[in-house]
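Counting starts at 1 for both ligands and their atoms, following the listed order. Keep in mind that this is a model prediction, so the values were computed, not measured.
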Amino acid sequence: MSDPQDSAIGVAVLGLGNVGSQVVRIIEESAADLEARIGAPLVVRGIGVRRVGDDRGVAPDLLTDDIEKLVSRDDVDIVVEVMGPVEPARKAILAALEQGKSVVTANKALMAVSAGELAQAAESAHVDLYFEAAVAGAIPVIRPLTQSLAGDTVLRVAGIVNGTTNYILSEMDSTGADYTSALADAGALGYAEADPTADVEGYDAAAKAAILASIAFHTRVTADDVYREGMTKVSAADFASARALGCTIKLLAICERLIDDEGRERVSARVYPALVPLEHPLASVNGAFNAVVVEAEAAGRLMFYGQGAGGAPTASAVLGDLVMAARNRVQGGRGPRESKYAKLPIAPIGFIPTRYYVNMNVADRPGVLSAVAAQFSKREVSIAEVRQEGMVDEEGQRCGARIVVVTHQATDAALSETVAALADLDVVQNINSVLRLEGTTE
Ligand code: NAP
């Protein structure tokens, strides 16, 4: 009788943390189904970790801290990289690809800086490189963009792709909490890391925006090409103003195909907190959930929604890639290669048409509103809405006024110049906040 292990697909799993432990569990628990779907059994040959011990919930002889040796084993066909961060993951993946192993990774930070180098290595070795789990956890978005929409023209991809910041902003919106206490709540519930910088300053979302823009627009976009603003300055007062305007505030990753007056196409990839009208589909994505809205020429608007992080949801996306890579090994052939033929230039942020919300404290005297309005009209920025309210100090004395201006669409350059000019006006005491308004084109 032939040994069933002869036809087995050997898998090395790098990492046994939140995601890796779930990947190994699903491979074990769903072995029979996975074998039927692939046409061969999946066998975990080894698991790469830092701490090798016998209390890790897996057979101790599978564990190794020698990643280089593990990915080089002859009986390993596919390497699943779920250890992060950029290094040593990059080195391990390159070694695996160069030795003809297909690779599945969940590492967004790495894909956002090294996608080109890794894709080239996969190309040279004629193997697969899959990374569905790198963007929005369980939500299928990479495969729909690379395969389902391969015949369409994607115009825009906008999403909430970071669960930590969405949890914090949702809390601020629903409870009136300020940023600091909403962040503390997120930490206590395990939604925020001890050092939340990558999330709250938008680095994580920017890495995902780079990956999405590259795929959607067939152009290599790296994390450095993404314009990024974090959400730490969003205040409870901003939420109150947003509500009054029929909006909420979300940290958005936006990837857009832009056409200038001469018909030249460019790509914009950007991350910032923005006002979103309550009727927009992204406004109702709350808590740690993620969602991505794709607009394509022929398909129109598509929305993908679900769990953007967590061990099991992320492992689901990893397993999907693993099954695809294993099927390709069994049946022959490869998945889609990197598509970068369009080579569109990156649009600077100043070029982007957008709308601003500006909240400022001003002197409470006649003529202030017209002085403020003059700065907008001087730069041909049209005002859509103005709200003014008097402010009182602790003794109940009038101490100035607050003006909130919402603009119509103008270039980001004209809008930011206007804000700089407002800050220089004698009558403006303080610019409290400036946020963009997305989801409308007026
Ligand atoms: P984690 O819980 O911190 O686990 C990391 C694992 O990798 C641990 O088992 C660790 O070994 C191992 N490891 C780290 N550095 C290593 C090294 N130098 N050599 C050998 N092993 C090493 O991380 P995670 O949350 O599972 O995330 C893993 C990857 O998935 C990251 O790239 C992350 O960005 C990505 N991802 C995670 C999520 C999520 O919800 N967690 C979602 C999407 C994508 P020890 O156990 O011995 O320390």
Side-chain angles (χ1 to χ4, degrees), residues 12-26 44 46-58 60 62-71 79-96 103-115 118 129-142 159-167 186 189-199 203-208 210-212 223 253 287-290 292 306-322:
V13 181
L14 311 185
L16 189 65
N18 296 316
V19 182
S21 57
Q22 294 300 315
V23 168
V24 171
R25 177 186 65 77
I26 296 171
V44 176
I47 303 170
V49 289
R50 275 175 302 212
R51 297 167 288 119
V52 177
D54 55 8
D55 56 351
R56 305 290 308 257
V58 295
L62 285 176
L63 294 171
T64 176
D65 58 5
D66 191 341
I67 302 291
E68 210 180 316
K69 193 166 164 200
L70 174 59
V71 303
V79 171
V80 173
E81 187 278 307
V82 282
M83 67 179 177
V86 171
E87 292 294 357
R90 177 182 153 277
K91 196 165 158 237
I93 291 177
L94 277 176
V103 170
V104 173
T105 178
N107 197 328
K108 56 240 164 176
L110 173 63
M111 289 307 297
V113 293
S114 293
L118 301 182
L129 171 65
Y130 286 127
F131 47 92
E132 180 66 69
V135 179
I139 307 171
V141 59
I142 303 293
I160 294 169
V161 292
N162 182 275
T164 305
T165 47
N166 201 49
Y167 177 85
L189 290 167
Y191 290 129
E193 306 210 5
D195 177 2
T197 310
D199 295 319
Y203 291 102
D204 176 80
K208 293 164 180 170
I211 297 170
L212 289 171
F289 278 84
N290 282 196
V292 178
Q307 297 190 64
T314 307
S316 164
V318 170
L319 259 294
D321 283 351
L322 179 55

Visitor: What's the shortest distance from atom 9 (O) of ligand 1 to any protein heavy atom, and which residue and atom give it?
Guide: Leu16 N, 2.7 Å

Visitor: For the residue pair Ile211 and Phe131, what are the closest heavy atoms and their distance?
Guide: CG2-CE1, 3.7 Å

Visitor: For Val24 and Leu62, what are the C-alpha separation, side-chain angles and deciding distance, and is it a side chain to side chain contact (heavy atoms under 4.5 Å, CB included)?
Guide: CA-CA 11 Å; Val24 171; Leu62 285 176; 5.9 Å; no

Visitor: Considering only non-hydrogen protein atoms, determine which one is nearest to atom 42 (C) of ligand 1 and report residue, atom name and distance to 0.1 Å.
Guide: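 It is Thr314 OG1, 3.2 Å.
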
Visitor: How close do Gly15 and Ile47 get, heavy atom to heavy atom, and via which atoms?
Guide: O-CG2, 4.2 Å

Visitor: Does Ala133, backbone or side chain, put an N or O under 3.5 Å from an N or O of ligand 1?
Guide: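 For ligand 1, there is no N or O atom that lies under 3.5 Å from one belonging to Ala133.
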
Visitor: To check your reading of the model: name the closest protein heavy atom to atom 5 (C) of ligand 1, its residue, and the distance in Å.
Guide: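 So the nearest neighbour among protein heavy atoms is Met83 O, 3.8 Å.
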
Visitor: Can you list the atoms of ligand 1 that are under 4.0 Å from a heavy atom of Gly15?
Guide: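 Going through ligand 1 atom by atom, the ones under 4.0 Å from Gly15 are 6 (C), 7 (O), 9 (O), 12 (C).
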
Visitor: Please state which part of Ala309 comes within less than 4.0 Å of ligand 1, counting heavy atoms only: side chain, backbone, both or neither.
Guide: both

Visitor: For Glu81, is at least one N or O under 3.5 Å away from an N or O on ligand 1?
Guide: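 There is no such contact.
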
Visitor: Give the residue and atom name of whichever protein heavy atom lies nearest to atom 25 (O) of ligand 1, and the separation in Å to one decimal.
Guide: Asn18 ND2, 3.0 Å

Visitor: Looking at atom 3 (O) of ligand 1, tell me if a protein heavy atom falls under 4.0 Å from it.
Guide: no

Visitor: Considering only the protein, which heavy-atom contact is closest to atom 14 (C) of ligand 1, and what is its distance?
Guide: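 Its nearest protein heavy-atom neighbour is Arg50 CZ, 3.6 Å.
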
Visitor: What is the closest protein heavy atom to atom 37 (C) of ligand 1, and at what distance does it sit?
Guide: Val19 CG2, 3.7 Å

Visitor: Show the nearest heavy-atom pair for residues Leu70 and Gly46, with the distance to one decimal.
Guide: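 Minimum heavy-atom contact is CD1-CA, 3.7 Å.
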
Visitor: Which one holds for Ile67 and ligand 1: side chain close, backbone close, both close, or neither close, with close meaning a heavy atom under 4.0 Å?
Guide: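 The answer is the side chain of Ile67.
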
Visitor: Does the N or O separation between Gly310 and ligand 1 drop below 3.5 Å for any pair?
Guide: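 Gly310 vs ligand 1: N/O contact under 3.5 Å present.
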
Visitor: Can you establish whether the number of heavy atoms outside Tyr191 located under 6.0 Å from its atom OH is more than 12?
Guide: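 No.
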
Visitor: Between Val103 and Ala96, what is the shortest heavy-atom contact and its length?
Guide: CG2-CB, 3.9 Å

Visitor: Give me the residue, atom name and distance of the protein heavy atom closest to atom 30 (O) of ligand 1.
Guide: Ala106 CB, 3.6 Å

Visitor: Tell me the nearest of Ala198, Gly137, Ser21, Gly84 to atom 31 (C) of ligand 1, using heavy-atom distances.
Guide: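 It is Gly84 that holds the nearest heavy atom.
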
Visitor: Return a yes/no value for Gly308: is any of its N or O atoms, backbone included, closer than 3.5 angstrom to an N or O of ligand 1?
Guide: no

Visitor: Assess the side chains of Asp66 and Thr64: does a donor N or O sit below 3.5 Å from an acceptor N or O?
Guide: no

Visitor: To which protein heavy atom is atom 47 (O) of ligand 1 closest, and what is the distance rounded to 0.1 Å?
Guide: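 So the nearest neighbour among protein heavy atoms is Arg51 N, 2.8 Å.
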
Visitor: Do you know which two heavy atoms are closest between Gly137 and Thr314, and how far apart they sit?
Guide: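 Scanning both residues completely, I find the closest heavy atoms to be CA-OG1, 4.1 Å.
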
Visitor: Could you tell me the separation between the CD1 atom of Ile67 and the CG atom of Asp65, rounded to the nearest 0.5 Å?
Guide: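 Ile67 CD1 to Asp65 CG: 7.5 Å, rounded to 0.5 Å.
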
Visitor: Would you say that Tyr167 contacts Leu189 through its side chain, given a criterion of any heavy-atom pair below 4.5 Å between the two side chains?
Guide: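 Side-chain contact under 4.5 Å: yes.
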
Visitor: Would a distance-only check, ignoring hydrogens and angles, find a side-chain to backbone donor-acceptor pair under 3.5 Å from Glu68 to Ala92?
Guide: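 Pair absent, no side-chain N/O of Glu68 close to backbone of Ala92.
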
Visitor: Could you list which atoms of ligand 1 come closer than 4.0 Å to a heavy atom of Val82?
Guide: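 Those atoms are 28 (C), 29 (C).
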
Visitor: Which heavy-atom pair separates Met83 from Pro88 by the least distance, and what is that distance?
Guide: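 Closest approach of Met83 to Pro88, heavy atoms only: CE-CG, 3.8 Å.
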
Visitor: If we set the cut-off at 4.0 Å for heavy atoms, which region of Asn107 has an atom near ligand 1: side chain, backbone, both, or neither?
Guide: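 Both of them.
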
